[in-house]
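Below is one structure, written out as structure tokens; comments come after it.
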Amino acid sequence: MERILGGLWGLLIGDALGVPYEFSLAEALPPMEQLEMTPPEGFYKSYPDIPAGTWSDDGAQALCLLDSLLDCGRLDLQSFAGKLVTWLSNGMWTPDGVVFDVGHQTMAALQAFSHGTPPEESGLILPDGKGNGALMRTLPLVLWHQGTDGELVLDAHRQSLPTHGHPCNQVCCALYCLTARRLLEGMPFETAYPSALEDLRTIYRSLPEVYQTELELLAPDGPQTGQGTGYVVDALKSALMILSRASSYEDAVKQAVALGNDTDTTACITGGLAGIVFGAEGIPVRWRQALRGRNVVEALAARLVAYHAGLHRNGSEL
């Protein structure tokens, strides 16, 4: 459970760390050693009225996904999309009931869903949209999932559909999820990613050709370099680049923020993987204590632990 909880806390803390610096260019940020949830004096925060240690839409949507999975025992898009709408309208799974950050694509898609568009189709309201809004929230699927790699890939595709339906988004989520699963299995990153990529290519041979095409368009065998932007491919590559060289959880999420641009989302995507690699105990105590809404997350984390404990007991009985 150390890696599973590390992934959950890691994505939320990475998100919260990045919130004050969102939209800043890399050269405008404080030195990396000064990147904290409370920025150094003189730095103008992106959201001056949001208290330090608050996660954003990234973390809230990830918690919506985990909540739905635990409620339904499967990926139910109607339930999941419904929780996303409740988040958007009422602040579900936020520390204060306040939604202060939402992407244009997500907003348009959830409005379409609210007006009757099925969740399998609402993410195509902007058919060419390739934002990182589905990638940022997908990790809880891996932390919960007990199916085969093929089933995990299909669910990674499906969880993208309510807001980000383009196949590129689906493929990025699938590659991220398989990489996270290999890390949960204890593989070091330098073997986890190539293993995930090889297995995804095998899975895609039995799926529509568009998925193979989109995967190769990512140039997945080349150097993984990113700039921390909101483009889903760049967001994925930024996280992969950082994981290949990070020495600790703190180093990983600070590198993510230091890229500038979409700092909270890059740190969320990176922090989830880094939390798995370095475990919950590898996350600095000062950040765990500074994270607002901890009691809410602890209750959901307890449900996730109980779910896995139940699977273990049932497996033992068999």
Side-chain angles (χ1 to χ4, degrees), residues 7 11 62 65 75 77 103 105 109 120-121 123-124 126-143 145 147-185 187-244 256 262 265-266 268-270 272-273 276-277:
L11 74 88
L65 176 58
L75 178 60
L77 290 191
Q105 184 171 347
E120 295 83 0
E121 301 172 12
L124 288 172
L126 300 177
D128 295 324
K130 297 179 183 179
N132 55 19
L135 180 62
M136 71 190 190
R137 69 181 183 228
T138 195
L139 185 63
L141 186 62
V142 185
L143 305 181
H145 212 282
T148 65
D149 285 348
E151 291 166 339
L152 175 60
V153 165
L154 292 178
D155 278 347
H157 290 176
R158 291 182 68 242
Q159 80 81 30
S160 184
L161 296 180
T163 59
H164 293 72
H166 192 285
C168 176
N169 301 307
Q170 299 179 45
V171 169
C172 287
C173 288
L175 183 54
Y176 180 86
C177 282
L178 279 187
T179 301
R181 172 169 275 187
R182 298 294 173 268
L183 295 174
L184 277 174
E185 292 167 351
M187 285 189 185
F189 178 79
E190 56 268 23
T191 54
Y193 173 70
S195 172
L197 177 57
E198 179 182 356
D199 292 341
L200 187 57
R201 282 180 167 139
T202 299
I203 291 166
Y204 278 169
R205 292 190 191 114
S206 61
L207 295 182
E209 188 176 352
V210 63
Y211 292 110
Q212 300 176 53
T213 301
E214 289 292 343
L215 178 60
E216 297 314 318
L217 286 174
L218 301 181
D221 296 303
Q224 302 304 310
T225 59
Q227 298 176 310
T229 69
Y231 172 41
V232 65
V233 175
D234 184 65
L236 175 63
K237 287 178 173 284
S238 296
L240 296 175
M241 172 185 71
I242 292 167
L243 262 292
S244 71
D262 199 359
T265 302
T266 308
C268 175
I269 294 167
T270 304
L273 295 181
I276 293 172
V277 171

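Just so it is clear, the values below take in all heavy atoms, side chains as well, and ignore hydrogens, waters and symmetry mates.
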Are side-chain heavy atoms of Leu75 and Leu65 found at a separation under 4.5 Å?
-> yes

Is Pro220 close to Arg201 at the side-chain level, that is, under 4.5 Å between some pair of heavy atoms?
-> yes

Nearest heavy atoms of Met187 and Ser195, plus distance in Å = CE-OG, 3.9 Å

Qualifying residues under side chain to side chain donor-acceptor pair (under 3.5 Å), relative to Tyr193, sequence neighbours excluded | none

Could you tell me which non-hydrogen atom of Cys172 sits nearest to which non-hydrogen atom of Val232, and how far apart they are?
-> CB-CG2, 3.8 Å

Side chain Thr138, main chain Leu135, donor-acceptor under 3.5 Å | no

According to the salt bridge (Lys or Arg N to Asp or Glu O under 4.0 Å) rule, which pairs have a member within residues 190-199, sequence neighbours left out?
-> Arg182-Asp199

Can you list every salt bridge (Lys or Arg N to Asp or Glu O under 4.0 Å) pair that touches residues 152-168, not counting sequence neighbours?
-> Asp155-Arg158

Return the set of residues passing side-chain contact (heavy atoms from CB on, under 4.5 Å) with Thr213 (not counting sequence neighbours), or none when no residue passes.
-> Glu209, Leu217

Examine distances only and state if a side-chain atom of Asp234 and a backbone atom of Thr229 form a donor-acceptor pair shorter than 3.5 Å.
-> yes

Indicate the atoms forming the closest heavy-atom contact of Asp262 with Gly230, along with that distance.
-> OD2-CA, 3.7 Å

State, with a plain yes or no, whether a side-chain heavy atom of Glu120 is found less than 4.5 Å away from one of Leu77.
-> yes

Taking the side chain from Gln105 and the backbone from Thr163, do they hold a donor-acceptor pair closer than 3.5 Å?
-> yes

Residue pair Ser160 / Asn169, side-chain donor-acceptor N/O under 3.5 Å = no

Pairwise distance CG(Leu143) to CG(Leu11) - rounded to 0.5 angstrom = 7.5 Å

Under 6.0 Å between the ring centres of His157 and Tyr204?
-> yes

Which residues share a side-chain contact (heavy atoms from CB on, under 4.5 Å) with Pro194, sequence neighbours left out = none

What closest approach, in Å, do Cys268 and Met136 show between heavy atoms, and which atom pair accounts for it?
-> SG-O, 3.5 Å

How many angstroms lie between CD in Gln224 and NZ in Lys237, if you round to the nearest 0.5 Å?
-> 4.0 Å

Residues Leu139 and Ala180: closest non-hydrogen pair is CD1-CB, 3.7 Å

So do the side chains of Tyr176 and Leu273 get within less than 4.5 Å of each other, counting heavy atoms only?
-> yes

Can you name the one residue among Leu240, Ile276, Ile242 that meets side chain to side chain contact (heavy atoms under 4.5 Å, CB included) with Phe189?
-> Leu240

Flag if over 12 foreign heavy atoms under 6.0 Å of CD, Gln212 | yes

Once you round to the nearest 0.5 Å, how far does CG of Leu207 lie from CG of Leu154?
-> 6.0 Å

Could you grab the distance from atom CG of Leu197 to atom CG of Leu178, nearest 0.5 Å is fine?
-> 9.5 Å

Taking the side chain from Arg137 and the backbone from Gln159, do they hold a donor-acceptor pair closer than 3.5 Å?
-> yes

Taking Thr270 for its side chain and Thr266 for its backbone only, find out whether a donor-acceptor pair lies under 3.5 Å.
-> yes

Side chains of Asn132 and Leu236: closer than 4.5 Å at any heavy-atom pair?
-> no

Sorted by chain and number, sequence neighbours left out, side-chain contact (heavy atoms from CB on, under 4.5 Å) with Glu121 holds for Thr117, Pro118

Which atom of Thr179 lies closest to which atom of Ala192, heavy atoms considered | O-CB, 4.2 Å

Could you state the interatomic distance from CD (Gln170) to CD (Glu214), rounded to the nearest 0.5 Å?
-> 9.0 Å

